[in-house]
Amino acid sequence: MEKIETQKQTGPAAEAALPAPEAELSSRYQPQLIEDAWYQRWEREGLFTANPASEQPPFSIVIPPPNVTGSLHIGHALNNTLQDILSRQQRMQGKDVLWVPGCDHAGIATQNVVERELAKQKTSRHDLGREKFIARVWEWKQQYGGTIMRQLRRLGSSLDWTRERFTLDDGLSAAVREVFVRLYAEGLIYRGDYIINWCPRCQTALSDIETEHQDTSGHFWHICYPFADGTGSLVVATTRPETLLGDTAVAVNPQDERYRQMIGKKIMLPLQRVEIPVIADDYVDKDFGSGVVKITPAHDLNDFLVMQRHPDEVGIRNVMNPDGTMNKNAGHKYAGLDRFECRKAVLADLEAEGLLVKTEDHQHAVGHCYRCHTVVEPYLSRQWFVKMKPLAEPAMAAVRDGRIRFTPESWTKVYLDWMENIRDWCISRQIWWGHRIPAWYCQNKECQEVVVVKEAPPACPKCGGRVEQDPDVLDTWFSSALWPFSTLGWPESTPELQRYYPTSVLVTSWDIIFFWVARMAMMGLKFMGDVPFRDVCINSLVGDAEGKKMSKSKGNTVDPLDLMEHTGADGLRFTMALIETQSRYVAFTPDRLESCRNFMNKIWNAARFVLMNLDAEVSVAPQGQPDFADQWILSRLDGTVERVQNALAVYRFSEAAQALYDFVWHEFCDWYLEVIKARLAGDPDIRRSAQSHLLAVWDETLRLLHPFLPFITEEIWSHLPGKRDFLMRAAWPVPQAGRRKPEVEQEMGLVMEVIYAVRNIRGEMNVPPAARVKLLIRPTGTQAGSLASHVGVIKELAKVSELVIDASAVKPPMSATAVAGGLELFIPLEGLIDLAKERERLAKEIRTLEELLTRQEAKLSNEQFISRAPAEVVAAEQAKREDYRQRRERLQHNLQQLSA
RNA sequence: GGGCGGAUAGCUCAGUUGGUUAGAGCGCCUGCCUUACAAGCAGGAGGUCACAGGUUCGAACCCUGUUUCGCCCACCA
């Protein structure tokens, strides 16, 4: 109630902005005049709002929350179009639909954006301090954060805006703390010193999957490590010579005969002039390189693990600052140098000392920050981690036993493979924008208690000392992992949570299966005891015309808002549906968009035709018996309903869109509308019957189209006769067995064949379009009877002046001939016919038939085929051969006659 | 190193358990401003489905291998 009141206040202004529906459709399709208005009407009427108290079965989707920093790109357009198609279809099918909108705070990304703003103003987050900086980000969020949500409205997304969420909302933040505290209590969250991926530019830890490995051509430097006692040396190879400064051991394989004697000896580490031991560890592959590995525990994961296995022999020396420069442990000569500068300096110095044995080119994968693409440094630091194995087990089971089902199915393996090899998740980030880790440390040096609780404790519960909260925040994906239940009110037991969890389907792209889908599965099972979604529909990534991934840096992006400006939201939506074929990448090409815009125009014009041929009093209830053409189109429509329904049920959006396109354009417009014109111009009774059936078919077609094309269909619908509620809440069509008429479709097929054949002759013979021709049909079988009732249609659509059907007809001398479905067609073309041309045309047709016949004979002379193929297949092939034979004979006969 | 996906018309792509003359959009050619639509209508050309084997009565589709393009994962310094 309250909501409606507030809306009324803004009502008059909004109302004034809406154009009053006109009696007729404008002669041109102008989407920009109708789309925003309809969205406002739907939203004001509460048509997007779910009703937890509803009697209807629920259907729910949570949006993959876009980054607050973002604006709508083509991938969002695709992803949200698909979700909206499903939501609208389900709503029309009587479900109580909840599609939850919202944004992700996108920790590092957003912080980077605001920091760049600050840099422009010659200041920084460090100048501002934590509190002021965070306030600044919130300000920024208030100002720009709504952009993408507005753009989703523009696209027509039927999101329930009364339930919009943001990952930093109070409720969602409470959920984050709840989860953290519970996992910590169970020992599934822990804190420790490990090698993590460190971005020296963002100055934060990253998880493994936030590190993107790129193959890079680098070098392999072989360096001489002399023994301390002067008895020789070992050669080690490295791709990162600057880490030499942090070496605390050299390792060989214990089985390696070459080095067995050296184990336990001391190396005098070059440049650093410190002694380090030679140790033995199985990790060393004796067949790789020299079989000797330098051990740098503070800057390499494997080396760190080696150190842990040899705690008494191997020390640790961190030689780098968080910003990627060398620290004083690196030695005064190198301290302060950037890591890559230091690399050069180290190499130069080794060279000078004659210790650089050789330099090889080397291809290797180098980790880069997924946010800023800086080279990531393996770095020893104290971080928070989630223990993943116990969480992954149930998440794997849920997929294995089908409680979660991927579409396309092939993603299942990707998901499971990753889960099988999962490693603990580093969740702490050294940034400020995000959920602060709910851990407090007692400042009393004697105590040092770590307190992990949901709300800040006033003092240390153990010693009463002062506590300070951990300065770090959580990985953004930690809160995203809770999205399917945190948005529904968890940990409170809300009606929404009861009703809409598990959600029905998750629609997302494959690039975030690990980041998001897998983690939601784990967290949902852990905290809700059930999967977060039943189906995972994986949509494509949209590339450019060359199939390249779109990115701002490549400059090959297209702005969906520009596209909608040009084509309307519906045109873009249809393009998105048509393009989604479940392959990894789909190419966005402007001609595809163009053809969809043309389709919108076709629909608009069909609507105009329908409207201008309806009288105001026409009722939707069909009057009188359906005519042959009505039966045909209803049969085709019914098939289309089934195709679209089946395709959507398995998320084959392209197939569904294609079925709609074909039906509307090539059946409804090309044939039904053309055929019905005569009846609409006929006697009042005939006209009325035609109108009512036309309206019924069009009515249902609009319903079928609506989930794909909500705006244009709603607009057209509103102009149809009769007092009409929103199309958006009309019932979606269902297939009705009684409407399928294979015999009618077959008969219509024959009529179409005749018309095609005549048109072909006209086209090939260059008969002027306006000129009418005579047509003589000689039936051979039983088709004559059925054909007789379609004389009018054939005459009209094939531009025939006079049509004779006669089994004893004789081919008139100067005439063109064709054979269609057991019928022989003669078109007398005295004066018009070009004999040579007709001979050529016939000869070509005969050649085609001859080729087919040869193939057919070969097939049928194969005894294996006759004996082993199913009888109906053999029969069909035989019938085909007969058909080809007859047609060839007729045409040959006619050709001879023509030559005579 | 492991895994995945693609190779079909000039271009971008469909082709759902193997069985009509392999389809669409765009482009191309011919003719049309025919009162819903030139953002359109009618007709047409264009493909040894990457290659080589195999399974089968029958393969674009299933199997094996090859070539080639792309992607994902990975603690060989």
Side-chain angles (χ1 to χ4, degrees), chain A residues 25 27-29 195 208-209 213 220 236-240 243 251 283-285 287-296 300-305 364-365 378 410-411 413-414 417-418 421 423 510-511 513-514 541 545-549 578-579 581 583-592 594-613 646-647 650 652 654-655 658 661-662 669-670 673-674 677 756 759-764 766-770 797 799 848-849 851-852 855-856 859 862-870 872-874 876-877 880 884:
Chain A
L25 292 177
S27 61
R28 267 173 22 119
Y29 168 56
I195 298 281
D208 293 335
I209 52 178
H213 292 274
F220 212 25
V236 304
T238 182
T239 55
R240 294 187 296 153
T243 62
Y283 151 69
V284 181
D285 178 354
D287 299 322
F288 185 83
S290 60
V292 186
V293 180
K294 60 193 270 310
I295 300 298
T296 322
D300 185 277
L301 175 59
N302 283 308
D303 297 2
F304 181 79
L305 297 174
H364 62 145
S410 58
W411 293 107
K413 182 173 160 52
V414 174
D417 284 354
W418 185 73
N421 302 307
R423 307 216 306 267
W510 47 267
D511 57 336
I513 288 178
F514 305 149
L541 285 185
E546 273 80 53
K548 295 266 160 31
K549 194 168 173 174
L578 209 49
I579 218 176
T581 56
S583 63
R584 291 184 178 212
Y585 289 95
V586 291
F588 176 84
T589 54
D591 62 346
R592 212 68 194 260
E594 203 74 2
S595 79
C596 287
R597 184 194 59 169
N598 295 350
F599 183 47
M600 296 308 105
N601 200 45
K602 190 75 180 174
I603 291 173
W604 188 259
N605 282 302
R608 289 178 53 225
F609 174 86
V610 172
L611 269 186
M612 66 181 63
N613 283 286
N646 291 345
V650 291
R652 292 176 162 270
S654 178
E655 197 174 308
Q658 192 69 51
Y661 184 96
D662 289 341
C669 289
D670 286 355
L673 290 187
E674 292 305 324
K677 280 176 181 173
Y756 282 135
R759 283 173 174 175
N760 175 278
I761 289 171
R762 296 178 59 109
E764 296 275 295
N766 287 331
V767 175
L797 297 194
K799 298 264 185 232
T848 306
L849 286 167
E851 279 167 27
L852 292 172
R855 201 192 302 187
Q856 217 56 24
K859 201 181 272 187
N862 182 347
E863 280 173 35
Q864 298 280 1
F865 173 71
I866 305 291
S867 59
R868 308 185 77 148
E872 65 268 24
V873 172
V874 175
E877 296 295 339
K880 224 186 288 174
Y884 294 156

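Chain A is the first sequence line, chain B the second, and so forth, proteins listed ahead of strands; every chain is numbered from 1. Bear in mind the structure is a predicted one, so any value in this text is a computation, not a measurement.
Only the P atoms considered, U8(B) is 14 Å distant from G15(B), to the nearest whole Å. The C1' atoms of G1(B) and A74(B) are separated by 8 Å, rounded to the nearest whole Å. Rounded to a whole angstrom, the distance from the P atom of C41(B) to that of C26(B) is 10 Å. Spacing between C29(B) and C69(B) at atom C1', rounded to whole Å, works out to 33 Å. Straight-line distance between the C1' atoms of A9(B) and U55(B): roughly 30 Å, to the nearest whole Å. Nucleotides G65(B) and A22(B) place their C1' atoms 26 Å apart, quoted to the nearest Å. Annotation: A38(B) and G46(B) have their C1' atoms spaced 25 Å apart (nearest Å). Taking the C1' atom of each, C51(B) and A7(B) are spaced 11 Å apart, rounded to whole Å.
C13(B) atom P lies 13 Å from atom CG of Leu578(A), rounded to whole Å. Protein atom CG of Asn598(A) is 4 Å distant from nucleotide atom P of G40(B), rounded to whole Å. Here the C1' atom of nucleotide A39(B) and the NZ atom of Lys602(A) are 10 Å apart, to the nearest Å. Here the C1' atom of nucleotide G19(B) and the NZ atom of Lys880(A) are 8 Å apart, to the nearest Å. As a whole-Å value, the separation of Arg762(A) CZ from U30(B) C1' is 15 Å. One atom, CZ of Phe288(A), and another, P of G1(B), lie 12 Å apart when rounded to the nearest Å. Phe609(A) has its CZ atom 14 Å from the P atom of C41(B), to the nearest Å.
The two residues Glu877(A) and Phe865(A) come nearest to each other via the heavy atoms CG-CZ, 3.7 Å. Of all heavy-atom pairs spanning Val236(A) and Ser290(A), the tightest one is CA-OG, 4.0 Å. Here the shortest heavy-atom pairing between Lys602(A) and Cys669(A) reads CE-CB, 3.7 Å. Residues Ser27(A) and Asn605(A) approach most closely at O-OD1, 4.3 Å, considering heavy atoms. Here the closest heavy-atom approach between residue Arg584(A) and residue Trp510(A) is recorded as O-NE1, 3.0 Å. Minimum heavy-atom separation, Glu655(A) to Ala647(A): CB-CB, 4.1 Å.
At G44(B), one or more side-chain N or O atoms of Asn760(A) fall inside 4.0 Å of OP1 or OP2 (strictly under the cut-off). Contact annotation: Asn601(A) does not reach the phosphate of G40(B) (side-chain N/O to OP1 or OP2, under 4.0 Å). At the phosphate of A14(B), OP1 or OP2 sits under 4.0 Å from a side-chain N or O atom of Thr581(A). Remark: Arg759(A) is in phosphate contact with G43(B), judged by side-chain N or O atoms under 4.0 Å from OP1 or OP2.
Note that NZ of Lys294(A) and CZ of Arg240(A) are 7.5 Å apart. Values are rounded to the nearest 0.5 Å. Taking CZ of Arg592(A) as the reference point, atom CD1 of Ile579(A) lies at 6.5 Å (rounded to 0.5 Å).
Across all strands shown, Tyr756(A) has heavy atoms under 4.0 Å from sugar-phosphate atoms exclusively, and none from any base. Across all strands, Arg608(A) comes closer than 4.0 Å only to sugar-phosphate atoms, never to a base (heavy-atom distances). Among the heavy atoms of the strands lying under 4.0 Å from Ala606(A) is at least one base atom, whether or not backbone atoms are also near. Backbone-only engagement by Met612(A) is indicated by non-hydrogen atom pairs under 4.0 Å involving sugar-phosphate atoms exclusively. Using a 4.0 Å heavy-atom distance criterion, Glu851(A) is classed as making no nucleic acid contact. Across all strands, Ser595(A) comes closer than 4.0 Å only to sugar-phosphate atoms, never to a base (heavy-atom distances). Using a 4.0 Å heavy-atom criterion, one finds that Phe514(A) contacts the sugar-phosphate atoms exclusively. Contacts of Arg652(A) with the nucleic acid, taken as non-hydrogen atoms under 4.0 Å apart, involve only primed sugar atoms and P, OP1 or OP2. Counting non-hydrogen atoms under 4.0 angstrom, Ala365(A) reaches a base of the nucleic acid. Counting any heavy atom pair closer than 4.0 Å across all strands shown, Cys669(A) reaches a base atom.
Under the 4.5 Å side-chain criterion, counting only non-hydrogen atoms from C-beta, Phe220(A) is not in contact with His364(A). Proximity of Thr243(A) to Asp300(A): side-chain heavy atoms (C-beta onward) are nowhere separated by under 4.5 Å. Within the 4.5 Å cutoff, the side chain of Ile513(A) has heavy atoms near those of the Trp411(A) side chain. No side-chain heavy atom of Met612(A) sits under 4.5 Å from any side-chain heavy atom of Leu25(A). Between Trp604(A) and Arg608(A) the shortest side-chain heavy-atom distance falls below 4.5 Å. Side-chain contact between Pro378(A) and Ile195(A): present, with at least one pair of heavy atoms (C-beta onward) separated by less than 4.5 Å.
RNA chain B contains the following stems of three or more consecutive Watson-Crick or G-U pairs, with both distances under 3.5 Å: B:1-7 with B:67-73, B:10-13 with B:23-26, B:28-32 with B:40-44, B:50-54 with B:62-66.
Between Lys799(A) and Asp662(A), it is Asp662(A) whose nearest contact on RNA chain B lies nearer the 5' terminus. Where Asp417(A) and Glu764(A) each meet RNA chain B at their nearest nucleotide, the meeting point lying more 5' is that of Asp417(A).
Side-chain proximity of Phe220(A) to the nucleotides G25(B), G40(B), A77(B) is greatest for A77(B). Set against C41(B), C13(B), A36(B), the side chain of Asp670(A) has C41(B) as its closest nucleotide. For Ala587(A), the side-chain atoms get nearest to U12(B) when compared with the rest of U12(B), G40(B), A36(B). Across A77(B), C26(B), U16(B), the shortest atom-to-atom separation from the side chain of Asp285(A) is found for A77(B). Nearest to the side chain of Arg423(A), among C41(B), G19(B), A74(B), sits A74(B). Looking at the side chain of Lys677(A), the nearest of the listed nucleotides A36(B), G25(B), A39(B) is A36(B).
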Listing time: all N or O pairs from protein to nucleotides 4-9 of chain B that are below 3.5 Å?
residue : atom : partner   : partner atom : Å
C4(B)   : O2'  : Arg584(A) : NH2          : 2.3

Pairs under 3.5 angstrom, nitrogen or oxygen only, protein versus nucleotides 54-58 of chain B, please.
residue : atom : partner   : partner atom : Å
C57(B)  : OP1  : Arg868(A) : NE           : 2.4
C57(B)  : OP1  : Arg868(A) : NH1          : 2.7
C57(B)  : OP1  : Arg868(A) : NH2          : 2.8
C57(B)  : O4'  : Gln864(A) : O            : 3.3
C57(B)  : O2'  : Asn862(A) : ND2          : 3.0

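Ring planes of Trp418(A) and Phe514(A): parallel class, angle under 30° (limits at 30 and 60°).
Taking 3.5 Å as the limit, the base of A36(B) and the side chain of Glu674(A) contain a donor-acceptor pair of atoms between them.
Between the Asn601(A) side chain and the Arg597(A) main chain, no donor and acceptor come within less than 3.5 Å of each other.
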